[in-house]
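Here is the structure we will look at, set down as structure tokens.
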Amino acid sequence: MKTDLDRLMAERNIDVLFTLPTETEDPYRAYLSGGVQFSGMVIKKRGEPLVLISPDMERDEAAKSGLTVYSFEHFGFSELLREHQNNLQAVRPAWYRRVFEELNVRGRASVYGVADVNETFNVIVMCARHLGDLIELVPDQIRASIFDKAVETKEPDELAKLRDIGRRSSAAMCAARDWISSHRAGD
């Protein structure tokens, strides 16, 4: 359950976890945002509510999560692009620093998500090189991560969604079976 995240983070001595912004579908980001699909990032500080950071054009979608949402522009993304002449290698550390400083992201941090390996590697290396005064990147366990443990149990709203999906899937299969059985080849 998402309500277990703080306990799991404390057990593993993780102060903050975050997902990287990427256009790739990301089950970690979807889980944290309650199923909302957006290409931004999620930050979870231990003992504090989740925060979403979204591209401007997806801000309304991210807001459907009911969580606090900031836009990329809140942290001056376009300004940094102009300042660094669209050089993302220079923009990223400056942007992440603004995000982490304003949201007071500090301490032992773990990164989660699904994204292009090269892009992810670049961001992790960038964080280690340029943000070491704010965060210490630490790996979580493989096949027993915070998320692997959190999804083992379900909150009431998650159970309701699963039951609804099960009912609708069953109804669709019954309708397909009935349709198939009422037709013959060549009809």
Side-chain angles (χ1 to χ4, degrees), residues 1-81 88 91-116 119-120 122-124 126-128 130-140 145-151 153-155 157-158 161:
M1 291 189 285
K2 282 187 269 187
T3 55
D4 292 333
L5 290 174
D6 287 320
R7 177 185 55 80
L8 292 166
M9 290 171 74
E11 288 173 2
R12 293 159 192 238
N13 193 25
I14 295 174
D15 300 306
V16 63
L17 57 88
F18 62 98
T19 66
L20 302 178
T22 175
E23 292 185 19
T24 305
E25 269 191 50
D26 187 337
Y28 298 91
R29 184 176 54 226
Y31 176 74
L32 291 169
S33 68
V36 172
Q37 296 296 324
F38 73 108
S39 62
M41 70 187 295
V42 180
I43 296 175
K44 168 68 176 120
K45 292 175 15 181
R46 187 173 7 144
E48 295 189 24
L50 292 155
V51 173
L52 308 184
I53 302 172
S54 168
D56 282 11
M57 64 188 283
E58 297 176 357
R59 189 170 180 172
D60 290 343
E61 186 65 25
K64 291 178 183 176
S65 68
L67 300 168
T68 299
V69 178
Y70 294 95
S71 71
F72 281 23
E73 288 310 313
H74 178 88
F75 303 99
F77 191 78
S78 293
E79 169 197 329
L80 289 168
L81 278 172
L88 280 178
V91 169
R92 279 187 173 147
W95 186 77
Y96 274 84
R97 177 165 294 282
R98 285 183 180 186
V99 170
F100 289 177
E101 284 180 346
E102 182 168 332
L103 299 180
N104 198 30
V105 171
R106 304 280 192 279
R108 294 171 50 86
S110 287
V111 181
Y112 302 86
V114 175
D116 176 81
E119 183 174 352
T120 302
N122 271 285
V123 173
I124 289 171
M126 176 277 303
C127 285
H130 299 281
L131 304 172
D133 59 317
L134 300 176
I135 61 170
E136 172 193 359
L137 289 173
V138 295
D140 194 1
S145 74
I146 285 174
F147 290 96
D148 294 322
K149 294 298 179 186
V151 300
T153 55
K154 305 292 182 230
E155 295 177 21
D157 65 318
E158 291 175 294
K161 286 178 187 176

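In this text, all values refer to a predicted model and were calculated from it rather than measured experimentally. The first residue of the sequence shown is numbered 1, and numbering continues consecutively from there.
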Answer whether the closest heavy-atom distance between the side chains of [X] and [Y] falls below 4.5 Å.
X	Y	value
Val111	Asp140	no
Ile146	Ser110	no
Ile135	Cys127	yes
Ile43	Val99	yes
Thr19	Met41	yes

Using the rule given for side chain to side chain contact (heavy atoms under 4.5 Å, CB included), can you reason through Val105 versus Leu131, listing the C-alpha separation, both sets of side-chain angles and the distance that settles it, and then say yes or no? CA-CA 10 Å; Val105 171; Leu131 304 172; over 6 Å; no

Only counting residues at least two apart or in another chain, list the ones meeting side chain to side chain donor-acceptor pair (under 3.5 Å) with Thr22.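 Thr24.
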
Residues forming a side chain to side chain donor-acceptor pair (under 3.5 Å) with Glu136, sequence neighbours excluded: none

Side chain to side chain contact (heavy atoms under 4.5 Å, CB included) between Phe75 and Leu80, worked out: CA-CA 9 Å; Phe75 303 99; Leu80 289 168; over 6 Å; no

Within this structure, what is the [atom1]-[atom2] distance for the pair [X] and [Y], rounded to the nearest 0.5 Å?
X	Y	atom1	atom2	answer
Leu17	Arg12	CG	CZ	11.0 Å
Lys44	Tyr112	NZ	OH	12.0 Å
Thr3	Leu8	OG1	CG	9.5 Å
Thr120	Asn122	OG1	CG	9.0 Å
Arg92	Leu20	CZ	CG	8.5 Å
His130	Arg97	NE2	CZ	9.5 Å

Nearest heavy-atom pair of Leu52 and Ala62: which atoms, and what distance? CD1-O, 3.6 Å

Taking all non-hydrogen atoms of both residues into account, name the closest pair between Val151 and Asp148 and its distance. CG2-O, 3.6 Å

Considering residues at least two apart in sequence or located in another chain, which fulfil the salt bridge (charged side-chain N to carboxylate O under 4.0 Å, His left out) criterion with [X]?
X	value
Arg59	none
Arg106	none
Glu11	Arg7
Asp157	none

Between Lys149 and Asp4, is there a side-chain N and carboxylate O pair less than 4.0 Å apart?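 Looking at Lys149 and Asp4, the cut-off is not met.
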
Give every residue pair that meets the salt bridge (charged side-chain N to carboxylate O under 4.0 Å, His left out) criterion with at least one member in residues 15-29, sequence neighbours excluded. Asp15-Arg46

Check the pair Ile53 / Leu103 against side chain to side chain contact (heavy atoms under 4.5 Å, CB included), numbers first and verdict last. CA-CA 11 Å; Ile53 302 172; Leu103 299 180; 4.0 Å; yes

Determine whether a donor-acceptor pair (N or O, by modelled atom type, separation under 3.5 Å) exists between the side chain of Lys45 and the backbone of Val51.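 No, because the side chain of Lys45 does not come within donor-acceptor range (under 3.5 Å) of the backbone of Val51.
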
Where the side chain of Asn13 meets the backbone of Arg108, is there a donor-acceptor pair that is under 3.5 Å apart? no

If a pair satisfies ring pair (Phe, Tyr, Trp, His ring centres under 6.0 Å) and one of its residues is in residues 17-36, list it, with sequence neighbours excluded. Phe18-Phe100, Tyr28-Phe147

Contacts of Met57 that satisfy side chain to side chain contact (heavy atoms under 4.5 Å, CB included) - sequence neighbours left out: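 Partners of Met57 under the side chain to side chain contact (heavy atoms under 4.5 Å, CB included) test: none.
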
Quick one: side chain to side chain contact (heavy atoms under 4.5 Å, CB included) partners of Glu58, sequence neighbours excluded?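 So Glu58 forms a side chain to side chain contact (heavy atoms under 4.5 Å, CB included) with Phe38, Ser39, Ser54, Pro55.
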
Which residues pass the ring pair (Phe, Tyr, Trp, His ring centres under 6.0 Å) test with Phe72, sequence neighbours left out? Phe77, Trp95

Sorted by first residue and then second, give each side chain to side chain donor-acceptor pair (under 3.5 Å) pair with at least one member in residues 69-81; sequence neighbours left out. Asp56-Ser71, Glu73-Ser78, His74-Glu102, Glu79-Arg98

